[in-house]
**Q** 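Quick one: the structure is below, questions incoming.
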Amino acid sequence: MADRRRKALPAWKSLVPAGIGVLLLLGSGVLFLVARDDLADERAYRAASACPAGTHADACTNSVPATVEATETQPYGKGVRYWLHFTERGDDSVQRIRMADADPVYERLSAGDEITVTYWRGEIRRVGLGGVVQETKASVVDDWRISLGAGLALVSLGLGMLWTSWWQHNRYPSAPYADAWQLSVGFLTGMAHGGVGFFAALAGDDVPEVLLIALAGVPPVGCLAVLLAWWLRRRARRVADTSGIVPVPPDGRRVVRAGVHGDVPYSVAGFGHLVLGDGRPAATPDPDGRIACRTLPETLTVRDVRALQPGDPDGWMGAYNHDCVVVECRDGDRTVLVGTRRRDAPAVLGALLPACPGAPSATGAADAGGSPRR
């Protein structure tokens, strides 16, 4: 049997997502405070009455007659900006304000039209044409939606990151496979519900309705998370199953993608290939296997064949993805890992087993190591 003890994962692997999660939650708190202030401004704006004639104050609105000089639709990136040029009655200077959208006032305006611009706290907040009113870009109406939606999204993402940190610290070291489904499900669920929360802030009429929509999104997101967990767990079990991998002696010389990892002289960074079928296997950085070959010694004993696990070299997941198979070996008292693709594993195993002392054949087990677990 192979030695199943694993080294503890570096603390930063769980501290980093924990730190990100805490920062996201703190950021959501700041955004909720911003949304609260925006809501207070909107309530004050909607409740403001008209200022007495001839007076100006922040607590009231001041409506001024004006004449349209021109409208300007300015392309900007993938969208457009709507600018209104006008002069106030008794003042010949042309002013420009940006409208929030084209509907319902801006698109109906043309030079010479008489309009009413309304000031609140020193800025023009809305424009009126007859009985139709449109908010300007400086209006405080609905400013709370973006900050509230972003805050709700960050809460979900932050909780997803904290789950990732907790699971990685407490459960991941003993997980049977490196790409544990719990990590993906927790983070993706947080992202999905974060999107629901942001959409809710844009769709709801007020804060209670926004929170109700966000709460109503929990069951469907939960169902999707369960389906995702089922699919990822099924894939992980299929990847972790190495029972179908049997030793096949290489038929002639060939070079396969494989890495050797361990505290041994033939484990060299950048040596990502293995020469098979030309004597004992040899590690090399050359895809053709012509230069810098490091022969794997006869003392190397196969102990196990398994899937990628936590604690294995980080680069193997990127190099082989879910197709990675690890041949676990011993060289004296040192553990040596050989990582390769599943389709190359039979040939790698077949080349390694004859090199083991006392191995009767490629399909047999080494005397010291027993038969590879399948």
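We use all heavy atoms of the structure for the numbers below, so side chains are in, but hydrogens, waters and symmetry mates are not.
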**Q** When you measure from the side chain of Glu42 to the backbone of Asp143, do you find a donor-acceptor pair of N or O atoms at a distance under 3.5 Å?
**A** no

**Q** Check whether any side-chain heavy atom of Leu152 lies under 4.5 Å from a side-chain heavy atom of Phe198, and answer yes or no.
**A** no

**Q** Does the side chain of Asp91 come under 3.5 Å of the side chain of Ser93 through a donor N or O and an acceptor N or O?
**A** yes

**Q** From Arg126 CZ over to Ser139 OG, what is the distance, rounded to the nearest 0.5 angstrom?
**A** 8.5 Å

**Q** May I ask you to decide if Val185's main-chain N or O and Thr189's side chain share a donor-acceptor pair within less than 3.5 Å?
**A** yes

**Q** Sequence neighbours left out, what passes side-chain contact (heavy atoms from CB on, under 4.5 Å) with Pro285? Give chain and number order.
**A** Phe271, Ala292

**Q** Filter on side chain to side chain donor-acceptor pair (under 3.5 Å), then keep only pairs touching residues 341-352, sequence neighbours left out; what's left?
**A** Arg254-Asp344, Arg341-Asp344

**Q** Check whether any side-chain heavy atom of Leu276 sits under 4.5 Å from a side-chain heavy atom of Leu274, and report yes or no.
**A** yes

**Q** State whether the side chain of Arg294 and the backbone N or O of Pro265 hold a donor-acceptor pair below 3.5 Å, judged by distance alone.
**A** yes

**Q** Does atom CZ of Phe187 have more than 12 heavy-atom neighbours from other groups under 6.0 Å away?
**A** no

**Q** Looking at Asp142 and Arg145, does any basic side-chain N land under 4.0 Å from a carboxylate oxygen?
**A** yes

**Q** Do the non-hydrogen side-chain atoms of Cys329 and Thr335 ever get within less than 4.5 Å of each other?
**A** no

**Q** Per the ring-ring contact (aromatic ring centres under 6.0 Å, His included) rule, what does the pair list look like for residues 62-106, sequence neighbours excluded?
**A** Tyr82-Tyr106

**Q** Compare all side-chain heavy atoms of Tyr320 with those of Val325 and state whether any distance is below 4.5 angstrom.
**A** no

**Q** What's the separation between atom CZ in Arg98 and atom CD1 in Ile124, rounded to the nearest 0.5 Å?
**A** 15.0 Å

**Q** Among Arg306, Arg303, Arg334, find the residue that satisfies the salt bridge (charged side-chain N to carboxylate O under 4.0 Å, His left out) test when tested with Glu328.
**A** Arg306

**Q** By side-chain hydrogen bond (donor to acceptor under 3.5 Å, both in side chains), which residues pair with Glu114, not counting sequence neighbours?
**A** Thr67

**Q** Under the ring pair (Phe, Tyr, Trp, His ring centres under 6.0 Å) test, which residues partner Tyr45, sequence neighbours left out?
**A** Trp120

**Q** Any pair with a residue in residues 265-275 that passes side chain to side chain donor-acceptor pair (under 3.5 Å), sequence neighbours left out, goes on the list, sorted by first then second residue, please.
**A** Tyr266-Asp331

**Q** Please list all pairs passing the ring-ring contact (aromatic ring centres under 6.0 Å, His included) test where one or both residues lie in residues 209-238, with sequence neighbours left out.
**A** none

**Q** Under the side chain to side chain donor-acceptor pair (under 3.5 Å) rule, what pairs show up with a residue in residues 194-210, not counting sequence neighbours?
**A** none

**Q** Sequence neighbours left out, what passes disulfide bond (SG atoms under 2.5 Å apart) with Cys293? Give chain and number order.
**A** none

**Q** Hey, are Glu72 and Arg96 close enough for a salt bridge, meaning a charged N less than 4.0 Å from a carboxylate O?
**A** yes

**Q** Please determine, by modelled atom types, if Thr116 and Ser63 share a side-chain donor-acceptor pair under 3.5 angstrom.
**A** no

**Q** With a cut-off of 3.5 Å and sequence neighbours excluded, list every side-chain donor-acceptor pair involving residues 28-38.
**A**
residue : atom : partner : partner atom : Å
Ser28   : OG   : Leu25   : O            : 2.5

**Q** Which residues satisfy the side-chain hydrogen bond (donor to acceptor under 3.5 Å, both in side chains) test with Glu69, sequence neighbours excluded?
**A** Thr87

**Q** Judged by atom type as modelled, is there a donor-acceptor pair below 3.5 Å linking the side chain of Ser165 to the main-chain atoms of Gly21?
**A** no

**Q** Is the count of non-hydrogen atoms from other residues, nucleotides or ligands lying under 6.0 Å from Asp251 atom CG greater than 12?
**A** no

**Q** Mind checking the NE2-CG spacing from His193 to Leu159? Nearest 0.5 Å is all I need.
**A** 10.0 Å

**Q** With no hydrogens and no angle check, is any side-chain donor or acceptor of Thr118 less than 3.5 Å from a backbone partner on Arg125?
**A** no

**Q** Judged by atom type as modelled, is there a donor-acceptor pair below 3.5 Å linking the side chain of Arg237 to the main-chain atoms of Ala240?
**A** no

**Q** For Leu109, enumerate each residue passing the side-chain contact (heavy atoms from CB on, under 4.5 Å) test, keeping only those at least two apart in sequence or located in another chain.
**A** Val68, Thr71, Leu84, Val105, Asp113, Ile115, Leu129

**Q** Would Met191 end up clustered with Ile20 when hydrophobic side chains under 4.5 Å apart are linked, directly or stepwise?
**A** yes

**Q** If you measure from NZ on Lys137 to CE on Met99, what distance do you get to the nearest 0.5 Å?
**A** 11.5 Å

**Q** About how many Å separate CG of Asp241 and CZ of Arg238, when rounded to the nearest 0.5 Å?
**A** 10.0 Å

**Q** Quick one: pull up CG in Asp323 and CG in Leu308 and give me the separation to the nearest 0.5 Å.
**A** 11.0 Å

**Q** Do Leu162 and Val22 make a side-chain contact, defined as non-hydrogen atoms from C-beta onward lying under 4.5 Å apart?
**A** yes

**Q** Counting only N and O atoms by type, is there a donor-acceptor contact under 3.5 Å from the side chain of Asp288 to the main-chain atoms of Arg290?
**A** no

